[in-house]
Each structure stands twice: as structure tokens, then as C-alpha cells.
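Below: the structure, in C-alpha cells.
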Amino acid sequence: MNKIEHVNATTIDEAVEALGNDAAIIAGGTDILCGLKGMIYSSPPSKLVNIKNIPDLDYIEESGGVLRIGALTTLTAIHESDVVQSKYASLGQAARKVGSAQLRNMGTIAGNICQQTRCWYYRGEHNDFDCLRKGGALCHLVPGNNRKHSVIFGGTSGCFAACPSDVAIPLVALGGTVVTNQREIAAEDFFEEIGNALDDNEVVTEIQIPEPASGTQQVYLKWAWRKAIDFPEVSVATAITVDGGSVTDAKIVLGGVMPRPRRATDAEDALIGNSINEASAQAAGEAAVQGANPLPHNGYKVQLTKVMVKRA
């Protein structure tokens, strides 16, 4: 491993002051430490800014119709929270499906949404592949092995690596907000084709989610090659409001099919105004994959997406 300076920040201001182009944040460490150990980075950080010692960033509170979760709150705490299970069930289900119990005990909600892609070319040890995300000219998934961690919708940036976060998907479906030391960012705008919307001197401090409307049903479903530990190849989160037997509002968000969470707006439109039954669920599944353009080895994701949206 390369020599790394370790800075223990005790306040957000201290953390921001220590950040820069050569620095990275460490909290639970379940992502960054694997990358450092594998020497996957073309320009590895020379400084780790530890934010675990910053007080009052580990909490789950509900007030004024908004759920507030501190950035350092562990995934275990989220899926075990009574208020999350009762009102924000899809978020709790997603947190429960991340990795193993040991990873959930260490991994934080901010870390989960900020984690880097699991593409095996990006993660190639000793920086074996100078891919697009590292400043190279090529996404190696396109001519290479694109069976796993690849997308079926676009790569408008040229990168075809899938979004790996479980928590990101219900966070977008529930209309969440990512709060930083500088601003509030709608979850739908936080995730970008490559990376996220954070500036170099910006730190996530809180996640906010508005209380779902009465009659809203939620679910998070995930398909992975291994049922334990693995990252999603396809996932779906729904927040569907039914009134008088008909769908009045629908949010359907897909994971694992784009470099960022994907709103399946065609599938949403297929449900609104209709009752939920076999036919409308089938129609939503079909609509969710309109425009899909799979790579040579990941066409199975199209059928998976149809089925999972229908089930959700």
C-alpha cells in the first residue's frame, strides 16, 4: 500500500479543511479500504480524513413529517429502526440486503450512497485497466466481459458500469434529500453518470426523507448472483399510492441497470389511474424496459427487470 496520512477530524469544518484533490473521507471504511488494499486507483489518495469521531452524526429522528438520518448511521441501525420499518419500509429492506452482517455493522448510509462502482475493470487490482472513470479513453465493459455490474440503459458518459448502491434506489423512490455542509441535493440529482454531485470540499451530513402519503405501499427487491453479500445486478424500489382502488401516484426506481438510479417513468405511467392487478403489473414490467439496449453478455437483465417490476 502507498503511504497515507491519516487525519482525525472532530468537526465537519475540520474535515472540510483537510479535504482536497489528494484526500478521501473514511467512515465505516468498507469501500475505501478495499480499494486501497487492491491498489485500484490511478491516483490514490495520499490522505484519509476520518470522520468517525465527529459527534452527533449517528441518529434516526422523525419530526415535522420528515425522517432525518445522520450520515454516520449504520445500515444495521437503519434496518432495525422501528420508525423506518413502519413508515419507510423500502429503505429498511434495502439496508438489510447490503453485504453481510459485519459489513452492515460498519457501513454507513452516507458511505453506501457514495461508494464507487463494483465494475471488475475499475476494481482490477494494481490498476490493471486504465478505464474511463480513471481518465482513460475506454470503458472496458463494452468490448470485454459485461456479464456482471454492467448496464442495459445507456452510459451516456461512455461508462457502462452499474450503480452498486442498494440504499440509493429507495432513497430516490421516496423523494429523499442528501444534505451536505453546503447545500441540500435532491437524491435524484445526487447520483451522476460517473460519481456523484459532491464537490471536493463537500461532506454528506444527513439524509432526509418526507413521510409517504397515506395509502402508499413500498417495497425493495434485489436480484444478485449470490443471495448473500453480493451487489445488485437488478433492483427495484417502489412507492405506490392507491386511493379508491386506483393508483394515484407511483414512483418506480431501478438499480443495477444504469450508472445511476433510473426512474422507470413509463412503468409509472402504466400504473397511474389503474388498479393493481396481473395485467397492470405485467404492463408496468414491459414498460420499464422500453428503450433497453443490453450489451452482448447481459441481456438477461432485461427479462429480470420485467419480472422484478411486475413482482414489486
If only atom types and distance count, is the side chain of Asp31 paired as donor or acceptor with the main-chain N or O of Gln116 below 3.5 Å? yes
Roughly how far, to the nearest 0.5 Å, is CG of Leu271 from OG of Ser280? 5.5 Å
Flag the pair Ile207 / Ile113 as yes when at least one side-chain heavy-atom distance between them is below 4.5 Å, and no otherwise. yes
How far apart are the C-alpha atoms of Glu188 and Arg260, what are their side-chain angles, what is the distance that settles it, and do they pass the salt bridge (charged side-chain N to carboxylate O under 4.0 Å, His left out) test? CA-CA 9 Å; Glu188 196 164 357; Arg260 59 187 293 177; over 6 Å; no
Any idea which heavy atoms bring Asn298 and Ser150 closest together, and the distance? ND2-OG, 2.9 Å
Nearest heavy atoms of Phe160 and Gly154, plus distance in Å: CE2-O, 3.3 Å
Under 3.5 Å, is there a donor-acceptor pair between the side chain of Glu184 and the main chain of Val178? no
Between Ala23 and Val49, which heavy-atom pair has the shortest distance, and what is it? CB-CG2, 4.3 Å
In plain terms, say whether Glu125 and Lys37 are close enough for a salt bridge, that is, a side-chain N and a carboxylate O under 4.0 Å apart. no
Do Gln218 and Pro212 touch side chain to side chain, with heavy atoms closer than 4.5 Å? yes
Would His6 and Asn50 satisfy side chain to side chain contact (heavy atoms under 4.5 Å, CB included), going step by step from the backbone distance to the final call? CA-CA 7 Å; His6 190 273; Asn50 174 32; 3.6 Å; yes
Determine whether Leu103 and Met106 make a side-chain contact, defined as any pair of heavy atoms from C-beta on separated by less than 4.5 Å. no
Thr76 side chain vs Arg104 backbone, donor-acceptor pair below 3.5 Å: yes
Pair Thr11, Asp13 - check side chain to side chain donor-acceptor pair (under 3.5 Å), show working. CA-CA 5 Å; Thr11 67; Asp13 288 342; 5.3 Å; no
Taking only residues two or more places apart in sequence or in another chain, which ones pass ring pair (Phe, Tyr, Trp, His ring centres under 6.0 Å) with Trp120? none
So which heavy atom on Val309 is nearest to which on Ala288, and how close? CG2-CB, 3.8 Å
Atom CG of Asp82: over 12 foreign heavy atoms under 6.0 Å: no
Would you indicate whether the side-chain heavy atoms of Lys87 and Glu62 approach each other to under 4.5 Å? yes
Please name all residues satisfying ring pair (Phe, Tyr, Trp, His ring centres under 6.0 Å) with His140, sequence neighbours left out, ordered by chain then number. Tyr121, Phe129
Pair Lys306 + Glu286: basic N to acidic O under 4.0 Å: yes
For Gln182, is the CD atom crowded, meaning more than 12 foreign heavy atoms sit under 6.0 Å from it? yes
Checking salt bridge (charged side-chain N to carboxylate O under 4.0 Å, His left out) for the pair Lys301/Glu233: CA distance, chi angles, key distance, verdict? CA-CA 7 Å; Lys301 285 193 173 190; Glu233 291 299 329; 3.2 Å; yes
Tell me, yes or no, whether the heavy-atom count around Asp199 atom CG, taken from other residues, nucleotides or ligands under 6.0 Å, exceeds 12. yes
Nearest atoms (heavy-atom pairs only) where Ser90 meets Leu174: OG-CD1, 3.6 Å
We want to know whether Asn127 and Ser42 form a side-chain donor-acceptor pair, criterion being a heavy-atom distance below 3.5 angstrom. no
Report whether Leu75 and Ile26 are members of the same hydrophobic cluster (ILVMFWY, side-chain heavy atoms less than 4.5 Å apart, transitive linking). no
Might you work through the side chain to side chain contact (heavy atoms under 4.5 Å, CB included) test for Asn53 and Glu14, ending with a clear yes or no? CA-CA 11 Å; Asn53 297 326; Glu14 285 183 9; over 6 Å; no
same_hphob_cluster(Val7, Ile25) at 4.5 Å side-chain heavy-atom cutoff: no
Thr238 side chain to Ile240 backbone, donor-acceptor under 3.5 Å: no
Can you check whether Ala186's main-chain N or O pairs, donor with acceptor, with Asp189's side chain at less than 3.5 Å? no
Before giving the answer on salt bridge (charged side-chain N to carboxylate O under 4.0 Å, His left out), spell out for Asp58 and Lys52 the whole-Å C-alpha distance, their side-chain angles and the decisive distance to 0.1 Å. CA-CA 9 Å; Asp58 179 1; Lys52 291 192 292 291; over 6 Å; no
Answer yes or no: is there a side-chain heavy-atom contact under 4.5 Å between Val247 and Asn274? no
So Leu91 and Tyr220, do their side chains get closer than 4.5 Å, heavy atoms only? no
Looking at every heavy atom in both Ile169 and Ser235, which two are closest together, and how far apart are they? CG1-OG, 3.6 Å
Any chain of hydrophobic side-chain contacts (each under 4.5 Å) joining Val257 to Val219? yes
Side-chain donor/acceptor of Asn201 to backbone N/O of Val16, under 3.5 Å: no
Kindly indicate whether the side chain of Ile12, heavy atoms from C-beta on, has any atom under 4.5 Å from the side chain of Ile54. yes
Take Lys134 and Asp128 through the salt bridge (charged side-chain N to carboxylate O under 4.0 Å, His left out) test and state the conclusion after the steps. CA-CA 11 Å; Lys134 299 179 183 182; Asp128 283 344; over 6 Å; no
Min side-chain heavy-atom separation Asp166-Pro232 under 4.5 Å: yes
Counting neighbours of CZ on Arg183 that are heavy atoms of other residues, nucleotides or ligands and sit closer than 6.0 Å, is the number greater than 12? yes
Rounded to the nearest 0.5 Å, what separates atom CD in Gln115 from atom CD1 in Ile32? 12.0 Å
